[in-house]
Structures are given as structure tokens and as C-alpha cells.
There are 2 protein chains.
Amino acid sequence: MSDSDGNGSGGVRALDAALGLLQAMAALPGPASLSDIARAANVPPSRAHRYLASFLAAGLAEQAGRSGKYDLGPGASALGLAAIARHDFVNRAAESLAALCDQTAMTGLIAVWGTAGATVVRWQRTRMPVITSMGLGTTMPLLNSATGRAFLAWSAPAPILSVLDSELRRAAETPGLIPDLDATPAGVAKMKEQVRAQGFAAVEGRFIPGLVAIAAPVLDWQEEAQAVVTLVGTDTGAILPGSDAVTALQTFCRQQSLRTPGRR
Amino acid sequence: MSDSDGNGSGGVRALDAALGLLQAMAALPGPASLSDIARAANVPPSRAHRYLASFLAAGLAEQAGRSGKYDLGPGASALGLAAIARHDFVNRAAESLAALCDQTAMTGLIAVWGTAGATVVRWQRTRMPVITSMGLGTTMPLLNSATGRAFLAWSAPAPILSVLDSELRRAAETPGLIPDLDATPAGVAKMKEQVRAQGFAAVEGRFIPGLVAIAAPVLDWQEEAQAVVTLVGTDTGAILPGSDAVTALQTFCRQQSLRTPGRR
DNA sequence: GGAATTCATTGCGCAGAACGCAATACAGCG
DNA sequence: CGCTGTATTGCGTTCTGCGCAATGAATTCC
């Protein structure tokens, strides 16, 4: 009886119960007595005590004072930090980014979608004296940067809508700002389609005169961009489909995508 | 076999083994195959599979793809965050952090030492439009971030050794990556000394071009860093010893150090 | 293209382990 | 001094997890 809880996880029964208790501990606001934890986890106190003894031994839990309450221990922190670090694709991508930049001799940057738009969070210079005014935290334009276009093509429409609106409005006010784009919803849709079909976004000298850029997304399991990796250089040939730079970039993003967790 | 493992935990045997496997997963650098995990935990693969099934059901682990590798899941992150928030001063400090950020008009963040390195656990933005994605879980570099340097200066050598090694190696491969540091053990020792003498670590535009940062430790009773508080801003003057920001940061850290959890 | 190796995954039966119950120990408190 | 509230622990029963080995599947190698 007892409840709908009966999920057949297929694993170890005792372990399921124990983990439920662990999560119950995590859900509680603070240190709690054994009975409270047992009640919260819907487990008899004696069992809870056994489980807690194991958690104690593993460092996942600690008991305060003498005959006191239990709470999560340093092992839980360490475990969580390991999990968090693992889920942070920015760091991992950043590590490999240096190699990618070396390989292509281009400057690389990683951007994520922040509240203000596509935000640069890492960048890796090479020997190439690419002189730009952008740094970490720069938000890239949605319509006339490779980075922005990649987000446009691989993001859910909702989050980027407001930014898209304002950029479209600005583009409409200044015709010729974006030569290769029809600044209408239809034109945007067409561009989006083209970018997706191509597998990457490219601009030449649009956002920064004299420089070319290619950008590809790091996708999560929902096929949405969690981040965009961009390569910036001066060689016009690098932006053509099939070029070494494009191939390297896409390989890189595919690798990162595989390791990307979905949720946070 | 009765290896020397002699239990002594007094808890549930299967749970002990399972938790050992969980910690083995955490210790591994990234996603791993079942066999690898089983080997690392010194557990037969079939048992490992049962345990992992339970971890999977509990959300503590995730398997990538279909027949893919296992790694820690979102539940592990949540657990760790709960643990950190719990037995830690982080919450308390986080409340005061807002005030500190207001006072100095800088972005603040709190980092703790995880297995992967200095891991950001809280951050408080001000109006500075930066670092949108540097958030929970970002691991900071040891050598070229103020946060990392503060850990370097006030941590026991052992835990950070591996990270230090790899960063030194990378720094040696890329001269000029860290302009103000001699990437040798001697150079590190010197920097460490200087940071300790100064009472805080500072970088200007190193980890994040265009931004400056200062970091000071929250010490425990062993004079080791429990956490590091970092302020990030754009004003170059803020990183000078004796500046308002530095003073405020140090006062803040001293206060937090006093409140070290008197657990024992 | 076929075969062999290396994985992850899963039945099955037995032994050992965990569970429930209830007794114990200990603290605070009337 | 006894009562009530904890946490903790024996003990016997039975249920469950474990080892072994077969299966399925994917990748590699020839």
C-alpha cells in the first residue's frame, strides 16, 4: 500500500530507499533529527538509522554534537561540486578551445545566451593580432554577427524574441546596415533556414570590418544551442563550407554537444 | 576475499559499496563507462550496474546517449548545493555579499574548493553587464584569476597540487598567457608569498580582459581558505592596496571568518 | 562483408544480509 | 524519582541482492 511510490527502478531496492532518504535530507531546510528524516522519507526510523550510519561512514552525512541531529556532510558538497563542474560545459569547452584555435590559427570565443543577448564568456587569442574592442561580457548582435546568427538559428524563439525585435527595428531604421539580410521576419526566417541547412553561421566583415567569423552551436539534447563557439580570423576562405576551419569548428561543437547535459 | 577493507561502518553493507561507487564516479575526471567505474570502485560490473540503475532512478547519475557512459546527474548537483548551503556559511555570506557589492559597486562571487578546482557557488551581480554565464559551477583557473590565486595562497598544498600541476604545464606551453607570473614552482611560490603578504589577490584583465578582480579568503581556524570572496569590476584603481574596495573586501572576509562553523 | 571482441544488460538460484520488532540507553523534565 | 522523548542495537526470519553466465548489441578488425 503505501502509495504510488512504487516505481520499479530496477535497481537495488535498499539503495533506492536510502537515496530517497538522502534526498529527503537535502530537501529539509536544515539539520534534522533522525525521526524527522525518517518521517520525511517515509521510512521506519530503524532503517533510517542504518542508512544514516552508512552515509556517515561515507562522509555524505554528519551528525552534529553528541546525540544530535543529522545533516549533509562534506562528502555531499564534494560530490555536488564534482557534478556541477562536470555539467559546466563552458569550462570543458574552454579547455579544448585553445587546441581548436591553435589548429585553425584563428581567435576563438564561446558565447552563451544571457539576459542581454549572446554574451561572450571565453575567448582565446592566437598569435594573430586580431584587434577588437570586445572582451568578456560583450554581447554580440543577433543579426550581423556570426555568433548571434548561430543563436538565432538554434535557439527556441521565445527567449530571443525581444532582442530580435529591437534589432529588427534598428535594422529597419538603417537600411544597408546588414547588406546580406532582408530585415523582415520573412528575411530572418530565410536566413535562419540557410544557417541551419549549412550547419554554421558565417559573416565576413560585417560586425567587424576586415574580419571574418564562423560560428556553430553546442547543442543540448533538445537540439537547442546551449552555447555558440565562434572562430574569428582574416582569411576569407575560412568561411566557406568545407574549409578546414569550418570542419574543425563543427567537429569541436559536435564533441562538446555530446557531453552536454541537458538541464541544470 | 576479505581484503583489508574491513568494514567498520556499521551501516548497510550494500549501501557502503554503492556510495563508494558514487564517490569513485565523482573522483573520475568525467563520464566513464560502466566497466571503468566498476574498476575504479573495485566492484564487479554486474553489481555496479545495479547500483547505477538506482542512481539513475534517483537522478544522482545520468547515462549519456543510449548505451553510453555514465556520469553524475543533476540530482548530485542539487544534493551538493543543499549541502553547501547547509553546513556552510555560504548562505550567510551571500546575504551580506549583496551589501558588499552595493557598497563597492562591483560584482561579487563566492567560490569554494571542489575536486575540479575553485568552484563558484554564489554570485551577486550589480549593474555591470558582465559575466552572465559565469555562475554556479564555473571553475576558475588557479593561476590567472584572482579567485584561484587566493586559493593558491591560503590552501593546503596537497589538494590543489594536481590542478596546479596541470595549469603550470599549460602555462609553460603558452608563454605569455600569464604575463605577470613566472610559470615555475619558484615563481608560484613567490606569487603566493606576495599575495599572502598583501592580504588579497588581484588581477587586472587577466582572466577576463577589461575587468579587474580582487579576492580574499574566508579562513577557518586552521588559517586555510574555506572559501574565497572575489569582487569584479572595471575600475583599475580598485585593485590597489588600501582602496575602498580592498578594505571593504577584507573587512567582509574577516567578519565571515569569525563565524566559522564551530562544528567539531 | 563477415567474424570476433568488448561492451552493457539481465535471469536465476542460493546464501547471506537487511528488515521489523522490541528492548536498551540516555537525556531532559515534571 | 519516574516519565517521556529521543537514538541506538539485538535477534530471528525472510526476502533480496549477489555472482555467474548467457544474451544482445555495437564496434573493430581482418
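A quick note: this is a predicted structure, and the numbers were derived from the prediction, not measured.
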Backbone of B/Val163 reached by a side-chain donor or acceptor of B/Ser166 within 3.5 Å:
yes
Any side-chain N or O of B/His49 below 4.0 angstrom from OP1/OP2 of C/dT9?
yes
Exercise: identify the closest heavy-atom pair between B/Ser54 and A/Leu19:
O-CD1, 3.9 Å
Can you see whether A/Ser33 engages A/Asp36 through a side-chain donor-acceptor pair at a distance of less than 3.5 angstrom?
yes
Within the structure shown, what part of the strands sits under 4.0 Å from A/Ser46 by heavy-atom distance: base, sugar-phosphate, or nothing?
base
Between A/Tyr51 and C/dC19, does any side-chain N or O lie under 4.0 Å from OP1 or OP2?
yes
Using atom CG of A/Leu52 as one end and atom P of D/dA7 as the other, report the distance to the nearest whole Å.
10 Å
Look at B/Asp16 together with B/Arg13 and state whether they make a salt bridge at an N to O cut-off of under 4.0 Å.
no
Could you state the CZ-C1' distance from B/Arg13 to D/dC15, rounded to the nearest angstrom?
18 Å
Are OP1 or OP2 of C/dA18 and a side-chain N or O of A/Arg47 less than 4.0 angstrom apart?
no
Can you check the A/Asp36 CG to D/dG5 C1' distance for me, whole Å?
12 Å
Report yes if a side-chain nitrogen or oxygen of B/Gln63 is closer than 4.0 Å to either non-bridging phosphate oxygen (OP1 or OP2) of C/dC7; otherwise report no.
no
Rounded off to whole Å, could you give me the CD-to-C1' distance for the B/Glu62 and C/dA8 pair?
18 Å
Within this structure, what is the CZ-to-C1' distance between A/Arg39 and D/dG5, rounded to whole angstrom?
12 Å
Quick one: B/Leu21 CG to D/dG17 P, roughly how many Å, whole number?
16 Å
Can you say whether a donor on the side chain of B/Arg50 sits under 3.5 Å from an acceptor on the base of D/dG19, or the other way round?
yes
Taking 4.0 Å as the cut-off, does a side-chain nitrogen or oxygen of A/Ser35 come that near to OP1 or OP2 on D/dG5?
no
So does B/Glu224 have more than 12 non-hydrogen atoms from other groups sitting under 6.0 Å from CD?
yes
Look at A/Tyr70 and D/dT6 and indicate whether a side-chain polar atom (N or O) is within less than 4.0 Å of OP1 or OP2.
no
